[in-house]
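In what follows, chains carry the letters A, B, and so on, assigned in the order in which the sequence lines appear, proteins first and then strands, with residues in each chain numbered from 1.
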2 protein chains.
Amino acid sequence: MYVRQVMENARHTETAIEETLRVVGDRWSILLVRAGLRGIRRFDDFCDDLGIARPVLTERLRRLVKFGIFERRKYQDKPVRYEYRLTEAGLALSPALVALVRWSEEYSQELSSDVTLVHAPCGTELEQAFWCRSCQSTFGPSAVKGVTSSIDL
Amino acid sequence: MYVRQVMENARHTETAIEETLRVVGDRWSILLVRAGLRGIRRFDDFCDDLGIARPVLTERLRRLVKFGIFERRKYQDKPVRYEYRLTEAGLALSPALVALVRWSEEYSQELSSDVTLVHAPCGTELEQAFWCRSCQSTFGPSAVKGVTSSIDL
DNA sequence: GAGACTGAGTTCGGAATCCGAACTCAGTAG
DNA sequence: CTACTGAGTTCGGATTCCGAACTCAGTCTC
């Protein structure tokens with residue numbers, strides 16, 4: 001059960017996460033995705049929900065649209081109005097978001113009673129696992145922890 | 001070893017991820033964790049590896065130590081020297097990191113061959129799944145996507 | 001039809017962060 | 001004595017962030 005890496009790590013070429021974090025790795029972007037998952041779509045609602053400054057929101061949404069995470073679509077003509085919806089790529093960030101939520105739950109103290117993600121059918125707390133399709137095997141983050149030093153992320 | 005909250009919130013009560021992202025949600029912190037996972041421990045090595053400005057690195061490491069993600073430990077006495085090691089909490093961020101890597105692989109265009117995480121025993125690409133311990137069932141991110149709108153992240 | 005309101009922004013000046021480059025400080029090696 | 005190392009600190013300038021106020025088109029209320 002080792003996670004291995006197949007790559008040649010060149011010096012100057014940017015790696016995947018580096019590039020990704022350049023898009024999504026600021027204080028607001030992930031929060032915007034989360035807001036999108038919660039159904040928020042309109043400019044002012046993002047603004048109120050997150051308490052983000054308007055100019056920053058403008059710039060951030062523009063960038064997320066440019067990188068295909070949000071889509072800007074007209075939802076009204078009379079006075080022309082636009083809303084922001086998560087694309088498929090944006091929705092695909094949810095596992096990362098869930099992982100962060102799980103981490104928060106476990107390691108972040110002094111949180112008021114907050115969300116606890118559960119498996120809807122049975123109510124048991126969700127765990128995030130690594131899963132090999134061909135082996136049909138599942139192993140949890142704890143198993144991964146043990147090998148992290150040998151992972152080349 | 002727990003992350004505790006220090007900041008005040010102005011308008012609404014802070015949720016788990018909001019707090020977490022306040023600690024880890026800047027351009028460098030996650031990259032620092034990743035570097036830590038790759039075995040980097042010394043100040044200058046972080047500096048060279050990430051190309052982060054030294055004053056920023058100082059501040060960031062201090063904060064990550066304060067929040068229990070890194071540990072600053074002396075590794076030499078003669079000239080006293082310190083290194084930074086990931087704590088258990090820090091290592092526990094790896095699932096989130098892996099989720100981001102997976103996302104990058106799939107959705108980040110203009111990225112040529114980069115890292116591909118595989119299941120070492122069989123060489124199959126890793127998938128990240130959600131796993132219910134009591135049901136013994138595993139389901140992929142795609143299944144989760146369907147529920148995200150009803151999840152309160 | 002005058003005034004208030006709405007939603008999606010833009011403009012502003014000041015505050016906070018970021019940056020690279022050069023400096024410090026203790027100890028060590030030649 | 002000089003050079004070097006590792007872990008920072010200090011510096012000035014550039015960038016980004018912020019809240020508050022403004023714009024602009026259309027719409028609702030009186």
In terms of the nearest nucleotide of DNA chain C, which residue is placed more toward the 5' end: B/Val80 or A/Glu83?
A/Glu83
In whole angstroms, how far is the C1' atom of D/dA7 from the NZ atom of B/Lys74?
14 Å
How many whole angstroms separate atom CD of A/Gln76 from atom C1' of D/dG26?
9 Å
Let me see the working for A/Glu18 and B/Arg34 under side chain to side chain contact (heavy atoms under 4.5 Å, CB included), right down to the final yes or no.
CA-CA 10 Å; A/Glu18 276 167 18; B/Arg34 168 171 161 259; 3.5 Å; yes
Quick one: B/Arg81 CZ to C/dT28 P, roughly how many Å, whole number?
9 Å
Electrostatic pair A/Asp49-A/Arg42, nearest N-O below 4.0 angstrom
no
From the list C/dG9, C/dT28, D/dT9, which nucleotide is the closest neighbour of the side chain of B/Pro79?
C/dT28
With a cut-off of less than 4.0 Å, is there a side-chain N or O of B/Trp28 near OP1 or OP2 of C/dT17?
no
With hydrogens left out and only the distance checked, is there a donor-acceptor pair under 3.5 Å joining A/Arg42's side chain and the base of C/dG7?
no
For D/dG8 and B/Tyr84 - does any side-chain N or O of the residue sit under 4.0 Å from the phosphate oxygens OP1/OP2?
yes
Between atom CZ in B/Arg54 and atom P in D/dA7, what is the gap in whole Å?
9 Å
Rounded distance (Å) that lies between atom P of C/dT6 and atom CG of A/Asp48:
12 Å
Taking only side-chain N and O atoms of A/Arg63, does any of them lie within less than 4.0 angstrom of OP1 or OP2 on D/dT16?
no
Atom pair distance, as rounded to whole Å: CG in B/Asp26 and C1' in C/dC18
11 Å
Flag, side chain of B/Ser29 to backbone of B/Gly25, donor-acceptor distance under 3.5 Å
no
May I ask you to evaluate whether A/Arg27 reaches the phosphate of C/dT17, defined as a side-chain N or O under 4.0 Å from OP1 or OP2?
no
Are A/Leu64 and A/Tyr82 connected in a single hydrophobic cluster, I mean Ile/Leu/Val/Met/Phe/Trp/Tyr linked by side-chain heavy atoms less than 4.5 Å apart?
no
Heavy-atom nearest nucleotide on DNA chain D taken for A/Glu59 and for A/Asp77; more 5' hit belongs to A/Glu59
Distance check: side-chain N/O of A/Arg62 vs OP1/OP2 of C/dT10, anything under 4.0 Å?
yes
Of B/Pro55 and B/Asp45, the one whose closest nucleotide on DNA chain D sits nearer the 5' end is B/Asp45
Given D/dA7, is OP1 or OP2 found less than 4.0 Å from the side-chain N or O atoms of B/Tyr75?
yes
Looking only at atom types and distance, does a side-chain atom of B/Gln76 sit under 3.5 Å from a main-chain N or O of B/Pro79, one as donor and one as acceptor?
yes
Can you check the B/Arg41 CZ to D/dG6 C1' distance for me, whole Å?
17 Å
Checking contacts here: which listed nucleotide (D/dG8, C/dG7, C/dG9) is nearest the side-chain heavy atoms of B/Thr58?
D/dG8
Can you figure out which of D/dA25, D/dA7, D/dC17 approaches the side chain of A/Arg60 most closely?
D/dC17
Are OP1 or OP2 of D/dA25 and a side-chain N or O of A/Tyr82 less than 4.0 angstrom apart?
no
Whole angstrom value for the distance that separates P of C/dC18 from CG of B/Leu57:
12 Å
Of all the choices, D/dT9, C/dG27, D/dG6, which nucleotide is nearest to the side chain of B/Lys78 once you look at every atom?
C/dG27
Ion pair present between A/Arg85 and A/Glu83, side-chain N to carboxylate O less than 4.0 angstrom?
yes
